[in-house]
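Everything on this sheet refers to the single structure shown next.
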4 protein chains.
Amino acid sequence: MSQPGGVAADQLRAIVERIEKLEEEKQTIADDIKDVYAEAKANGYDTKIIRTVVRLRKQDSAERQEQEALLDLYMHALGMVLPDTSET
Amino acid sequence: MSQPGGVAADQLRAIVERIEKLEEEKQTIADDIKDVYAEAKANGYDTKIIRTVVRLRKQDSAERQEQEALLDLYMHALGMVLPDTSET
Amino acid sequence: MSQPGGVAADQLRAIVERIEKLEEEKQTIADDIKDVYAEAKANGYDTKIIRTVVRLRKQDSAERQEQEALLDLYMHALGMVLPDTSET
Amino acid sequence: MSQPGGVAADQLRAIVERIEKLEEEKQTIADDIKDVYAEAKANGYDTKIIRTVVRLRKQDSAERQEQEALLDLYMHALGMVLPDTSET
DNA sequence: TCGCCTGATAGTTGCC
DNA sequence: GGCAACTATCAGGCGA
């Protein structure tokens, strides 16, 4: 059965509730992160620096991926295709 | 002994790693949420509206009414009238 | 003469610079907008509501009604009733 | 005269209109940017690569600023303050 | 041409 | 209370 004009209430409700449950879990973790920062601060660390460190580490790995993507992009632009590593 | 200028490297490392682990978990959940929306869309639901529903449910109704009152005030000041949601 | 593998470097450079110049201008205007909001706030206005007003004015009213109808449908399916915007 | 409960309609209207005018200008520039990309594509360039180039150039300059900020941060953490260049 | 997906923008929340 | 980071939303571009 299809949707607009006769919505399947049960299915809709299930969807909304799954989302709400996941968002709640996400919020819990966000709170945990905040706690870690608070604890760090209580131990005398400068949280601003820690945040920067965390950000830079993430950025580094993102950058590495970007380099690969860029290489890939150029290769395609030159009409060359990298042999796929996974295969049938 | 205390921190800046002689930092307890192990403790600092532990902090950073705890944060990174938590952020990873948080990202996993965020991805799960995206999946639920994708599934909903695949089943013919309008995800934009579902997002609105989720947001409205989260929003405290007292706060909601307060905002609406102020919005109403501003709209009137501009000579605009909000289209009534209820209708004959 | 054609492009990939012998790129017209000058033309490419010109393109990139035009884009960068336009993006700079765009950023300048974005900053101006921020200034207007800041000024409004300094004059005692609630910027959150002003943003809402601006958004509503931009939104085509037909589209708005359509969204509201669908939202209404979903809310009913969940057994929730939208608080009426008009009131005694 | 103050705001909530007697909003200065003229001032409010002026604010909203200034914002709308600026947003319109911003949109015009955004459209110009789109045009440049379209023209580039018509001339045989790969717009995806151009977008990447533009993004990387922006990122580079942002990164340079970040390095400076980070240095500054560490200096402060070590209790060293860079002699302010401007002073009374 | 349509639908998906990524990148840009706007809004919210937390820190200083 | 202002500023900055982060998140969520939206729109435009790309590929099928």
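Residue numbering restarts at 1 for every chain, and letters A, B, ... go by the order of the sequence lines.
If you measure from atom CG of C:Asn43 to atom C1' of F:dG1, you get 16 Å, rounded to the nearest angstrom. Atom-to-atom, CD1 of A:Ile50 to P of E:dC16 comes out at 11 Å; the value is rounded to the nearest Å. Here E:dC4 presents its P atom at 13 Å from CG of B:Asp46, a figure rounded to the nearest Å. One atom, CG of D:Leu56, and another, C1' of E:dG7, lie 14 Å apart when rounded to the nearest Å. Rounded to an integer number of Å, the gap from CD of C:Gln59 to C1' of F:dA11 is 14 Å. Here F:dC6 presents its P atom at 14 Å from NZ of A:Lys26, a figure rounded to the nearest Å.
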Look for any protein N or O under 3.5 Å of an N or O in nucleotides 11-14 of chain E and output each such pair with its distance, or none.
{"from": "E:dG11", "atom 1": "OP2", "to": "C:Arg51", "atom 2": "NH1", "distance (Å)": "2.7"}

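The shortest distance between the side-chain N/O atoms of A:Thr47 and the OP1/OP2 oxygens of E:dC16 is below 4.0 Å. One finds a side-chain N or O of D:Lys41 lying less than 4.0 angstrom from the OP1 or OP2 phosphate oxygen of F:dC14. Between C:Lys58 and the phosphate of F:dC10, there is no side-chain N or O to OP1/OP2 separation shorter than 4.0 Å.
Between A:Leu71 and A:Met75 the shortest side-chain heavy-atom distance falls below 4.5 Å. C:Glu68 has its side chain out of reach of C:Asp72: every pair of non-hydrogen atoms, C-beta onward, lies at least 4.5 Å apart. Proximity of A:Val53 to A:Ile49: side-chain heavy atoms (C-beta onward) are separated by under 4.5 Å at one or more points. With a 4.5 Å cut-off on side-chain heavy atoms, A:Arg55 and D:Glu66 count as touching. A 4.5 Å side-chain heavy-atom check between D:Glu39 and C:Arg18 finds at least one atom pair inside the cut-off. Considering only heavy atoms from C-beta on, C:Leu56 comes within 4.5 Å of C:Gln59 through its side chain.
The stretch residues 15-24 of chain D has no heavy atom under 4.0 Å from DNA chain F, so no residue of it qualifies as close.
When every heavy atom of B:Leu78 is checked against every heavy atom of D:Arg13, the shortest pair comes out as O-NH2, 3.2 Å.
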Checklist entry - After noting the C-alpha distance and the side-chain angles of D:Arg64 and D:Asp60, does the key distance pass the side-chain contact (heavy atoms from CB on, under 4.5 Å) rule? => result CA-CA 6 Å; D:Arg64 220 164 299 126; D:Asp60 281 351; 3.9 Å; yes
Next on the checklist: Set out, in order, the CA-CA distance, both residues' side-chain angles and the distance that settles salt bridge (Lys or Arg N to Asp or Glu O under 4.0 Å) for B:Glu25 and B:Lys21, then state yes or no.
Outcome noted: CA-CA 6 Å; B:Glu25 288 177 29; B:Lys21 180 158 186 307; 3.0 Å; yes
